[in-house]
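Values below: every heavy atom of this structure, side chains too, minus hydrogens, waters and symmetry copies. Lettering follows sequence order; numbering is per chain, from 1.
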Amino acid sequence: MTGIDVYLAQVQRRLAGMDPKVQLDILRELRSHLGDSATANGGNETAAIAGVGDPVSVAKRYLELYGYGRLYRALFAILAGILGYFTVPALVAGNEGIFPLFFSAAFLALAFVFLIWVSVRAGNQVGLIAGGAALVGRVGGLAGAVAVNPDSSFVTAEGLALFVLVSLLLVLVGWIPGKARQTWRRPSMDL
Amino acid sequence: MPEISQEWTTELKKGSVQLCLLALVAKDQKYGFQIVKELRELSDGFFDLKEGTLYPALRRLEERGFVESHWVEPETGVPRKYYRITERGRRALAEAIGVWDRMAAGTRRVLETGR
């Protein structure tokens, strides 16, 4: 394994989540550049690698440009949906014991943290979709709770209002942090 | 120790590097290493940036539709990705050069008063 191979493997690790086709194209271009640069430097791979810069910053620039690929975006939405599903019992449990309440409250906290992370890392659009998936998950959770307990008298008007409010809050939490980051970051110097 | 901040110079470079990249591929298609080398030489080392910042800048131009790229795989030697300007890029370049010329001329006139 050459120094260039090691360097490219480091970049590739940090490009995880990006569309595989784009990832391959980036790595291929970097390899081509490093080959040319090493030749121009009398075969000195270290100088060629130093000219490109550290793998973390290099990968970060590409990730900022291309973002996460479809697979990861779908994965974020699925995870948000699952988390959303398990947040429901806390709101409809009524006379249930402390464990399901605690369990779903923990999921709700986890869902908020996860959506903030997605929104910041992957952008507000991906965050919005994940928030929407969490909402769908919650609706599924509620439907499941009603199906399991046909006597759904525990679903009070206040409970439903809280359900809708928290569901919408999840969507907003998926959208706002990414949007805020986009708004407050340094202005782009693109043409 | 220079009096002006390094950040100011960096921002100047950032603001003009895409214009230079577009100009470099305006006449002929070129590959990354060639572009980096020409940029460095023609600018007398002013654009001696990390190559890791130039490639994403080129790709940003591609995302905007200002340049297009394709791989050339020679029978011997390394495959290279070539960039060339698009019609849209040509219009953007003309527009940006116009802005640049006005800014440079205006700045020069103002700076003359302070020499």
Side-chain angles (χ1 to χ4, degrees), chain A residues 2-5 7-8 10-15 18-19 21-67 69 123 185-191, chain B residues 7 10-23 30-37 40-41 48-67 69-74 77-83 85 88-89 91-97 99-100:
Chain A
T2 65
I4 291 177
D5 291 331
Y7 176 80
L8 290 176
Q10 287 171 337
V11 175
Q12 186 175 18
R13 254 202 316 279
R14 285 162 180 90
L15 292 179
M18 195 187 275
D19 186 307
K21 269 189 188 166
V22 180
Q23 222 182 100
L24 273 179
D25 193 67
I26 290 167
L27 294 169
R28 199 175 174 211
E29 185 173 42
L30 284 176
R31 181 178 290 284
S32 168
H33 172 87
L34 287 166
D36 278 330
S37 181
T39 308
N41 281 297
N44 187 344
E45 287 191 352
T46 311
I49 290 166
V52 176
D54 80 284
V56 180
S57 319
V58 171
K60 196 178 154 202
R61 284 188 199 100
Y62 284 114
L63 261 174
E64 275 171 5
L65 175 59
Y66 294 111
R185 78 172 164 204
R186 299 173 74 179
S188 154
M189 300 303 277
D190 288 345
L191 273 182
Chain B
E7 202 178 21
T10 307
E11 291 301 313
L12 269 183
K13 288 179 187 176
K14 270 192 198 165
S16 47
V17 73
Q18 283 194 340
L19 173 60
C20 294
L21 292 175
L22 207 50
K30 284 171 186 157
Y31 59 93
F33 185 71
Q34 191 181 6
I35 296 170
V36 168
K37 205 164 157 262
R40 192 171 290 151
E41 285 170 6
D48 192 16
L49 307 171
K50 285 277 180 212
E51 290 133 26
T53 54
L54 289 172
Y55 281 95
L58 266 173
R59 283 168 178 265
R60 278 187 189 281
L61 289 174
E62 192 173 20
E63 288 290 300
R64 297 284 306 275
F66 293 162
V67 299
S69 67
H70 66 282
W71 281 94
V72 173
E73 304 199 21
V78 258
R80 286 176 176 133
K81 193 177 191 188
Y82 280 81
Y83 293 88
I85 199 163
R88 189 169 175 223
R91 289 197 299 272
L93 178 63
E95 208 177 301
I97 288 176
V99 172
W100 184 269

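- Looking at every heavy atom in both residues, A:Leu15 comes nearest to A:Gln23 through O-NE2, 3.3 Å.
- Here B:Arg60 does not pair with B:Glu63 in a salt bridge; the nearest charged N to carboxylate O distance is not below 4.0 Å.
- Between A:Tyr62 and A:Arg14, the side chains place no donor N or O within less than 3.5 Å of an acceptor N or O (distance only, hydrogens not considered).
- B:Leu93 does not touch chain A: none of its heavy atoms, backbone or side chain, sits under 4.5 Å away.
- Ring geometry, B:Tyr82 versus B:His70: the interplanar angle falls under 30°, so the pair is classed parallel (tilted spans 30 to 60°).
- Heavy-atom distances place the side chain of B:Ala96, and not its backbone, under 4.5 Å from chain A.
- In this structure, the portion of B:Val36 lying under 4.5 Å from any heavy atom of chain A is its side chain and not its backbone.
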**Report entry** Test salt bridge (Lys or Arg N to Asp or Glu O under 4.0 Å) applied to B:Arg59 and B:Glu62, step by step
**Finding:** CA-CA 5 Å; B:Arg59 283 168 178 265; B:Glu62 192 173 20; 5.2 Å; no
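- For B:Gln34, no part lies under 4.5 angstrom from a heavy atom of chain A.
- Salt bridge present: A:Asp25 and B:Lys81 bring a charged side-chain N and a carboxylate O closer than 4.0 Å.
- In terms of heavy-atom pairs under 4.5 Å with chain A, the best-connected choice from B:Asp48, B:Thr53, B:Leu19 is B:Thr53.
- In summary, B:Arg80 and A:Glu29 do not engage in a salt bridge, as defined by a charged side-chain N under 4.0 Å from a carboxylate O.
- Rounding to the nearest 0.5 Å places CD1 of A:Ile4 at 7.0 Å from CZ of A:Arg31.
- The parts of A:Arg28 that come within reach of chain B are both its backbone and its side chain, each placing non-hydrogen atoms under 4.5 angstrom from that chain.
- Interface remark: A:Ile26 contributes backbone and side-chain atoms alike to the contact with chain B (heavy atom separation under 4.5 Å).
- Contacts of A:Asp54 with chain B are absent, with no heavy-atom separation under 4.5 Å from either backbone or side chain.
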Query raised in the report: Should B:Arg40 and B:Glu51 be marked as a salt bridge (Lys or Arg N to Asp or Glu O under 4.0 Å) after you check the CA-CA gap, both sets of side-chain angles, and the distance that decides it?
Result: CA-CA 11 Å; B:Arg40 192 171 290 151; B:Glu51 290 133 26; 3.1 Å; yes
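- Neither the backbone nor the side chain of B:Leu54 comes within contact range of chain A, judged by heavy atoms closer than 4.5 Å.
- Chosen from A:Pro55, A:Gly53, A:Gly51, A:Ala59, the residue pairing most often with chain B at heavy-atom distances under 4.5 Å is A:Gly51.
- The residue among B:Lys50, B:Lys37, B:Lys14 with the most heavy atom pairs within less than 4.5 Å of chain A is B:Lys50.
- Across A:Asp36, A:Val58, A:Leu30, the residue that shares the most heavy-atom pairs under 4.5 angstrom with chain B is A:Asp36.
- By number of non-hydrogen pairs under 4.5 angstrom with chain A, the leading residue of B:Ser16, B:Gly32, B:Pro56 is B:Pro56.
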